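Remarks on the structure that follows.
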Protein chains: 4
Amino acid sequence: MKGFGSDNHSGIHPELLRALIESNTDHAPSYGTDVYSEKASALFKKEFGPQTETYFVFNGTAANVLALRFLMKRHEAVLCSNVSHLNVDECGAPEFFAGKLIPLPHDQGKLTLSILKEALIRQGDQHFSQARVVSLTQPTEYGTCYSLNEIKEITTWAHSNHLYVHIDGARLANALQFLDCTYKEMTTDLGVDVVSFGGTKNGLMMGEAILVLNTELAKGAHQQLKYIRKQSAQLPSKTRFIAAQFSSYLDHQLYLQISHHACEMAERLLQGLKQIPQVRITCERQSNAVFAMIPQAWVKPLREKYFFYVWDEKTFECRLMTSWDTTTAEVDEFIHRVQQLAR
Amino acid sequence: MKGFGSDNHSGIHPELLRALIESNTDHAPSYGTDVYSEKASALFKKEFGPQTETYFVFNGTAANVLALRFLMKRHEAVLCSNVSHLNVDECGAPEFFAGKLIPLPHDQGKLTLSILKEALIRQGDQHFSQARVVSLTQPTEYGTCYSLNEIKEITTWAHSNHLYVHIDGARLANALQFLDCTYKEMTTDLGVDVVSFGGTKNGLMMGEAILVLNTELAKGAHQQLKYIRKQSAQLPSKTRFIAAQFSSYLDHQLYLQISHHACEMAERLLQGLKQIPQVRITCERQSNAVFAMIPQAWVKPLREKYFFYVWDEKTFECRLMTSWDTTTAEVDEFIHRVQQLAR
Amino acid sequence: MKGFGSDNHSGIHPELLRALIESNTDHAPSYGTDVYSEKASALFKKEFGPQTETYFVFNGTAANVLALRFLMKRHEAVLCSNVSHLNVDECGAPEFFAGKLIPLPHDQGKLTLSILKEALIRQGDQHFSQARVVSLTQPTEYGTCYSLNEIKEITTWAHSNHLYVHIDGARLANALQFLDCTYKEMTTDLGVDVVSFGGTKNGLMMGEAILVLNTELAKGAHQQLKYIRKQSAQLPSKTRFIAAQFSSYLDHQLYLQISHHACEMAERLLQGLKQIPQVRITCERQSNAVFAMIPQAWVKPLREKYFFYVWDEKTFECRLMTSWDTTTAEVDEFIHRVQQLAR
Amino acid sequence: MKGFGSDNHSGIHPELLRALIESNTDHAPSYGTDVYSEKASALFKKEFGPQTETYFVFNGTAANVLALRFLMKRHEAVLCSNVSHLNVDECGAPEFFAGKLIPLPHDQGKLTLSILKEALIRQGDQHFSQARVVSLTQPTEYGTCYSLNEIKEITTWAHSNHLYVHIDGARLANALQFLDCTYKEMTTDLGVDVVSFGGTKNGLMMGEAILVLNTELAKGAHQQLKYIRKQSAQLPSKTRFIAAQFSSYLDHQLYLQISHHACEMAERLLQGLKQIPQVRITCERQSNAVFAMIPQAWVKPLREKYFFYVWDEKTFECRLMTSWDTTTAEVDEFIHRVQQLAR
């Protein structure tokens, strides 16, 4: 059984599984001192720049909240969109681990510079939790991507106001497809300070990486982030099994192959749905998700075979998500089913 | 390269890896609603009693601190031994997630009833953090095991004083070997309330389970523990890969086979070391660890091939730990090396 | 020097100071077991109903966040207005002590039932922090008051959805003037669960009271709130000096005299400002604050003698606040100065 | 009714009350920007050195835990005695606000350098919460005082190991009597970093001060401690009433007069008790407390008129505490009663 529910419904990509299995020999030191972790860290340096410091954790919520806990004091605040995963899908984990969120309005999932400027108020006022981090999601929860210019604008403004910029990159590779650039061009070169680099939604069994890109922060990370990670219960003992997957993912640019396929399948889905007059596309497709309003009566029969989420219970805006294992046959059959309902 | 450093230096047991690979087909709902999680939960009910509620998490620190967070209020306290993993190996995670620890003296790693009674003071006094949980490690950090009677005594006393009993069971199966009983006889039947059930140190790639055994608590767990787990960044999205391993571990009692082997190897190691006059065994061997004082000059040459930990830098008490993959050849070669140094 | 900055710029009301001085004899047991605390608690029972349990704390932020910490689990959330003191004036204290805030749009400072209904989403979804408390401010940050009907509507809806209702009543007595009712009619009788009862802004030197009104919660409070208060560093040792002031405040209804005067002065201020065409009143006056847009050029000269806050730096909406010690002469002189500027 | 229960059973010293009353005129800006706060801060600079930064808070627990929260990261630890107020009388507040405590054995309430050295282990090990602060109580919970040499030894060792030194000085002035030195000689000159400076137990109505003495820390305090204080619900709005008392306490060295009296009364009590063979003094008297074992049968009749605490329920070691308002007549009558029982 497969569907368009989420890219975390997929299993492990065969090449990543092979890497995992190959690392399963003999003993390896635990807690990240193994050769697999060293190799993966070196590959992250290659992709994001030599200053990059990498901290493996178990899941995406952890990558986000530990990155924040590292970047801010408990009494400070994060500027984020009100539909960000941080704000609505982590059960208050950011407030538990890190500090206050200041949720802001968005444009198709994206924060704009003018929204951010308006939110940066009461600086120096002890009664008001002081913003220290801007958190962007790339691609956003609506599948849109910040352009390189938009990121640059935000990091420049943020740094001139003593704010750090964090990217929630649970599906970061997918943004490369739309922006046609490298990881480094999208992050380090634009001044992004810390990235939550996703694995789970991109074909790994599990595992995420916190990447400290800011040179100064990277130097100090070892004195803070390793303890923060341990205290937050996110230090994997058999780290090699996460690291081996990431090495395979980064080596020979497997991530491009995986993200290319997922995005291509989403585009195929989009083109099919576009032909159906009763379906209305609600967001530009810029990664591996298609957002569309689907007539309410169709949802149940469609979900019988191909599960997907109704994103807005009032408008019946739905989210259809493709993955590394989505096939053209599945997309075509799904479109066919919609066409039948549309008749 | 292998050694006696820790059972988390080992890789994945072949049968567990096979189970993991077999679960890697098609899509599965994320966050624990898959059939693999259902099956594993059913197997835990079979082993620990039908009231058992199971919550999978990523690692042992998480299992411990989430169990505590579930059992106590933020202003309450845990009675634990001063050498417990909770107190000295979790970087303050219990205090961060759950509440205050009251570390107590121990006897070969074990708390005694008289130590506990002496620590239960100032009840009702708002200035003093009130004890709510007793946490035992089984087997202890020194490889010893609480007898069934000792556990029963402690749970009876604890419950009559409105305290819960938690077991940190990172290597719980190994205690079965020494006590020659079932999981249920060692826990549920004696009134243990919650168990941190370890996987990682017993051959799994990764994964632990919080088992709520107390019937009343189990009924209410769903309204609390699922949110606590998510907020604590411990809800695995591709849960099936943890659950499938646990099913394999529990099914056909693979856990007995694994723990039997590890304990047998430790016994072989013990018997070999006992013959060497310069080595002094410091703890009874009741699981898969041997504690022994080894002449300081021998440590370096021995660790060149077979890594192990010096437990006490002053006395050169060392901990030698066996695992599912320790071979008799390795044990014998190690003993041989010690014998050579002893000449 | 006096002004219209805030009612916490005023000193201690003479009758309250006298009570404080009179309690300064001999020794009194510390931490709330003295006769002054008993008497004040009895008076709160008289005003709010016999089930009322009273916990004295030092300041208003503490009263709010301890009330929330008592009412909710760490993983739950509070529905509050986005201009509430909780959300914008406590430097993230609610998130530090209690849990997540879900800030909502407001109407002249008030939450409406339809806004609340729209915000109560995703119940049972572990990814979404579950609302447990509705927090109202009475009078609101804009000086408006919820009517008895509005409160009743909200508590009825809240309770039918397993939510508690908290009132931030830093200036609660002032609402009595507008609503012409008793404390009990405004809170207990309508199903309000917990009140932060303010002293500091009503003439006390310092001191606030958390009032648990809900009968079931009041029964259990002793087992929770006393420890929460102590752990939160809010247990006063010489409680008698707070309690004695509250007794004087409640006895012979001094609170009505104080609130009547403050509100009357605000009304006098309002009537004076209304006559000046360049000044625009922006909120209904329902307590001791007047909100008005004042021409930007006038603000500086006016504040030289009579300080007040510019509430909105863009529109020059200002807040003018009266107090127990505001005199008619001061109001009249201020109006006179505005009139001079208006010429 | 008076007794020897605690110096916080006493009321407000007449001179301090007069200062409080005199500050009750007109309006004063809230939250510490008033002239009374300025004056008190200047007096603290005079007593502790010009670099001193002062933060007023409500009570002693707050002064302690906010000082710690300022000095350490959430994942770090405090070395303190196992009988310290921090460890046994604050209901887990240090763990809630700041981080882990590592409770250590003591000698008559005092930590020794050798105890501290033994506790500083596993530096750089991410599994072990890293010590960052040494917290001393002066005078200790047993009424003893660290000598200037002992403090110097500890601060020198601490700083060479990147630890800060905090003093819990709830009764700091009393140590001046025994050591015959100034505040500055006892703290700043010896390298103490932060002091919790007590008021409540020394004759104030309420109020404590966090004094940042370390020059580097003092410079940065404004960017951290003001927000920490506000978020921790410890920013007094009518700060003038705390500040005015502290000004009076420091000006003309009223603190010496108060502490001298309290210590003298304790000495008188000691000399009287020493004459009674059935009473055994258990600690050296170095401040305003006398610790003595009193025959169990005498405790009840003695406490009928003069309350005091039984410190150890097993040995009937009792604590008798004097205060600014203890009279020679009261001491003599108490001794007389003991003598009568001794016959």
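Note on naming: letters A, B, ... go to the chains in the order of the sequence lines (proteins, then strands), and numbering restarts at 1 for each one. Everything numeric here is computed off the predicted structure, so don't read it as measured data.
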Phe56(D) ring center near Phe197(D) ring center (under 6.0 Å): no
Arg303(C) side chain vs Phe308(C) backbone, donor-acceptor pair below 3.5 Å: yes
Top contributor to chain C interface from Leu66(D), Asp26(D), Asp325(D) [non-hydrogen pairs under 4.5 Å]: Asp26(D)
Which atoms of Leu17(C) approach chain D - backbone, side chain, both or neither, heavy atom under 4.5 Å: side chain
Best-contacting candidate, Pro236(D), Gly5(D), Gly3(D), against chain C by heavy atom pairs under 4.5 angstrom: Gly3(D)
Rounded distance (nearest 0.5 Å) linking atom CG of Leu320(C) with atom CE of Met265(C): 14.0 Å
Contacting moiety of Tyr31(C), where chain D heavy atoms sit under 4.5 Å: side chain
Choice from Asn64(C), Asn8(C), Ile21(C) maximising heavy atom contacts with chain D below 4.5 Å: Asn8(C)
Donor + acceptor pair across side chains of Ser232(C), Arg69(C) (<3.5 Å): yes
Side-chain donor-acceptor pair present, Thr61(C), Asn59(C), cut-off under 3.5 Å: no
Met321(C) side, atom CE; Thr326(C) side, atom OG1 - distance, nearest 0.5 Å: 10.5 Å
Non-hydrogen side-chain atoms of Ile12(C) and Leu20(D) separated by less than 4.5 Å: yes
Which of Ser6(C), Ser23(C), Ala28(C), Pro14(C) touches chain D most, by non-hydrogen pairs under 4.5 Å: Ala28(C)
Part of Asn24(D) within contact of chain C (heavy atom distance under 4.5 Å): side chain
Residue part contacting chain D, namely of Ile242(C), when any heavy atom lies under 4.5 Å: side chain
Check: Phe246(C) ring centre within less than 6.0 Å of Tyr36(C) ring centre: no
Proximal component of Asp34(D), with respect to chain C [non-hydrogen, under 4.5 Å]: neither
Chain C contact via Leu235(D) - which portion, at a heavy-atom distance below 4.5 Å: backbone
Part of Met206(D) lying under 4.5 Å from any heavy atom of chain C: side chain
Residue part contacting chain C, namely of Leu204(D), when any heavy atom lies under 4.5 Å: backbone
